[in-house]
2 protein chains.
Amino acid sequence: MKDQTTELSTTEPSTTERYIGIGELARESGCKPETVRYYEHIGLLPSAPRNEGNQRRYTRAAIRRLTFIRHSRDFGFSVEAVRELLEMADHPAMPCQEVDTLAKRHLAEVEARLARLTAVRDELKRMINQCAGGSVGQCHIIDVLSDHRLCHQSGPHGGAEIIG
Amino acid sequence: MKDQTTELSTTEPSTTERYIGIGELARESGCKPETVRYYEHIGLLPSAPRNEGNQRRYTRAAIRRLTFIRHSRDFGFSVEAVRELLEMADHPAMPCQEVDTLAKRHLAEVEARLARLTAVRDELKRMINQCAGGSVGQCHIIDVLSDHRLCHQSGPHGGAEIIG
DNA sequence: GCTTGAACCTCTAGTGACTACAGGTATTAC
DNA sequence: GTAATACCTGTAGTCACTAGAGGTTCAAGC
């Protein structure tokens with residue numbers, strides 16, 4: 001189940017390994033060349049070695065590291081959290097408690113977002129269903145948006161920044 | 001149930017209405033003075049009249065309009081959608097079909113986000129539960145992040161930008 | 001060897017929806 | 001009169017990229 005390819009550092013290519021360009025790396029790991037350059041710029045990926053024409057050359061190790069990054073981002077971890085996860089993944093002998101803590105904290109945030117988003121969905125559904133379809137002046141949707149007291153939820157819904 | 005305060009335009013204060021400052025307006029409608037100025041800047045709120053000292057003065061109508069904006073934003077409507085909703089609310093005689101369409105489109109987006117966020121939550125839970133608590137090298141969380149094939153979900157989770 | 005087109009390079013600016021700050025002016029309470 | 005607070009404008013920063021300008025390098029075909 002577990003092999004030796006877990007290490008995510010991109011150092012030391014083996015003697016005859018094939019190098020790939022940034023385009024192929026991007027395709028293989030599901031992102032764009034611009035994003036790869038951006039990740040290098042902010043230090044999630046190490047500076048890639050260059051060929052004589054100043055173009056970046058990558059090995060398979062870079063694909064693994066970038067895939068890890070993309071996958072972590074897909075899970076909603078922030079770039080800073082990904083930075084910490086990479087740091088941990090680069091030290092396989094360390095205890096994984098910190099990884100666990102990070103994941104649990106993120107889960108808690110995801111669940112909070114889910115709760116707020118669910119409340120928003122329910123309220124949206126309710127206001128759409130109650131719209132009788134007349135003029136704007138009689139529109140229940142506009143009413144609810146005008147007056148918080150018409151909401152079934154008690155508190156505010158949580159702010160747009162929280163629900164996406 | 002319905003009164004004459006639905007109109008959201010901030011024109012024509014009645015002869016003896018009390019004016020309030022930007023701070024009180026912000027408090028009353030649940031946002032910050034900076035945000036009020038920002039909304040004026042992007043044209044969601046009309047330019048407020050000023051007193052002799054160049055400070056903005058508002059009436060109750062501004063509170064209603066700003067509350068509508070904040071409430072719509074809390075529901076996750078984009079600023080551009082809020083702009084359209086305000087335009088509609090300002091014309092109460094028009095049919096409310098467009099309002100309905102806007103709300104339904106937004107509901108569909110919210111439901112899509114909910115589905116992706118739920119998938120992320122389930123996968124996060126699974127990987128946290130399967131972590132035996134040893135070293136990073138044996139950590140199931142790191143494994144799953146390294147290798148998409150270990151996910152129960154088939155496709156990608158949808159991208160961080162989508163889940164918030 | 002030459003040409004063409006794709007891929008690559010750097011650097012800057014833009015996105016959305018605010019938020020924060022700097023450096024100044026006005027109002028209000030005592 | 002003075003001190004604290006509220007307000008003003010304008011600019012820059014946030015997050016995680018994305019897009020574009022303007023140029024260079026590479027790979028394939030002739």
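Every chain is numbered from 1 and lettered A, B, ... according to where its sequence line falls, protein lines coming before strand lines. Scope of the values below: all heavy atoms of this structure, side chains included, with no hydrogens, waters or symmetry mates.
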Counting distance only, does the side-chain N/O of A:His106 pair as donor-acceptor with the main-chain N or O of A:Phe75 below 3.5 Å? yes
Testing the basics here: between A:Ala89 and A:Phe68, what is the closest heavy-atom pair and its distance to 0.1 Å? CB-CZ, 4.3 Å
Partners passing side-chain contact (heavy atoms from CB on, under 4.5 Å) against B:Thr118 (at least two apart in sequence or in another chain): A:Leu114, B:Arg121, B:Asp122
Less than 4.0 angstrom from a charged side-chain N to a carboxylate O is my criterion; do A:Arg65 and A:Asp90 meet it? yes
Value in whole Å for how far the P atom of D:dC7 lies from CD1 of B:Ile20: 10 Å
On DNA chain C, more 5' by nearest nucleotide between A:Arg56 and B:Glu80 is A:Arg56
Distances for protein N/O vs nucleotides 12-15 of chain C N/O pairs under 3.5 angstrom?
none

Listed by chain and number, what are the side-chain contact (heavy atoms from CB on, under 4.5 Å) partners of A:Glu98, not counting sequence neighbours? A:Met88, A:Met94
Residue set satisfying salt bridge (charged side-chain N to carboxylate O under 4.0 Å, His left out) with B:Lys125, at least two apart, ordered chain then number -> A:Glu111
Provide, to the nearest angstrom, the distance between the OH atom belonging to A:Tyr19 and the P atom belonging to C:dC8. 17 Å
Would a distance-only check, ignoring hydrogens and angles, find a side-chain to backbone donor-acceptor pair under 3.5 Å from A:His71 to B:Ser146? no
Excluding sequence neighbours, so at least two apart, what forms side chain to side chain donor-acceptor pair (under 3.5 Å) with A:Arg105? none
Under-3.5 Å N/O pairs linking protein and nucleotides 22-29 of chain D:
| unit_1 | atom_1 | unit_2 | atom_2 | d |
| --- | --- | --- | --- | --- |
| D:dC26 | OP1 | A:Gly53 | N | 3.2 |

Nearest-Å distance, OH (B:Tyr39) to C1' (C:dC18)? 8 Å
Under a 4.0 Å heavy-atom cutoff, the residues of residues 22-31 of chain B touching DNA chain C are none
Listing request: all salt bridge (charged side-chain N to carboxylate O under 4.0 Å, His left out) pairs with a residue in residues 130-139 of chain B, at least two apart in sequence or in separate chains. none
Among residues at least two apart in sequence or on other chains, which ones pass side-chain contact (heavy atoms from CB on, under 4.5 Å) with A:Glu28? A:Glu24, A:Arg60, A:Ile63
A:Arg37 atom CZ is separated from D:dC17 atom C1', nearest whole Å, by 13 Å
For nucleotides 18-21 of chain D, tabulate all protein N/O to nucleotide N/O atom pairs closer than 3.5 Å, reporting atom names and distance.
| unit_1 | atom_1 | unit_2 | atom_2 | d |
| --- | --- | --- | --- | --- |
| D:dT18 | OP2 | A:Thr35 | OG1 | 3.0 |
| D:dA19 | OP2 | A:Lys32 | NZ | 3.4 |

Options C:dC9, D:dT9, C:dC18, nucleotide nearest the side-chain atoms of A:Arg50: C:dC9
Measure the shortest side-chain to side-chain distance between B:Ser135 and A:Pro95 over non-hydrogen atoms and say whether it is less than 4.5 angstrom. no
Separation of B:His41 atom NE2 from D:dT9 atom C1', in whole Å? 11 Å
Looking at residues at least two apart in the chain, or sitting in another chain, which of them share a side-chain contact (heavy atoms from CB on, under 4.5 Å) with B:Ser29? B:Leu25, B:Cys31, B:Leu66, B:Thr67
From CG of B:Leu45 over to P of C:dC18, roughly how many Å is that when rounded to an integer? 12 Å
Please table the atom pairs, donor to acceptor, closer than 3.5 Å between any side-chain atom in residues 35-49 of chain A and protein atoms at least two apart or in another chain.
| unit_1 | atom_1 | unit_2 | atom_2 | d |
| --- | --- | --- | --- | --- |
| A:Tyr39 | OH | A:Arg70 | NH1 | 2.7 |
| A:Glu40 | OE1 | A:Arg56 | NE | 2.9 |

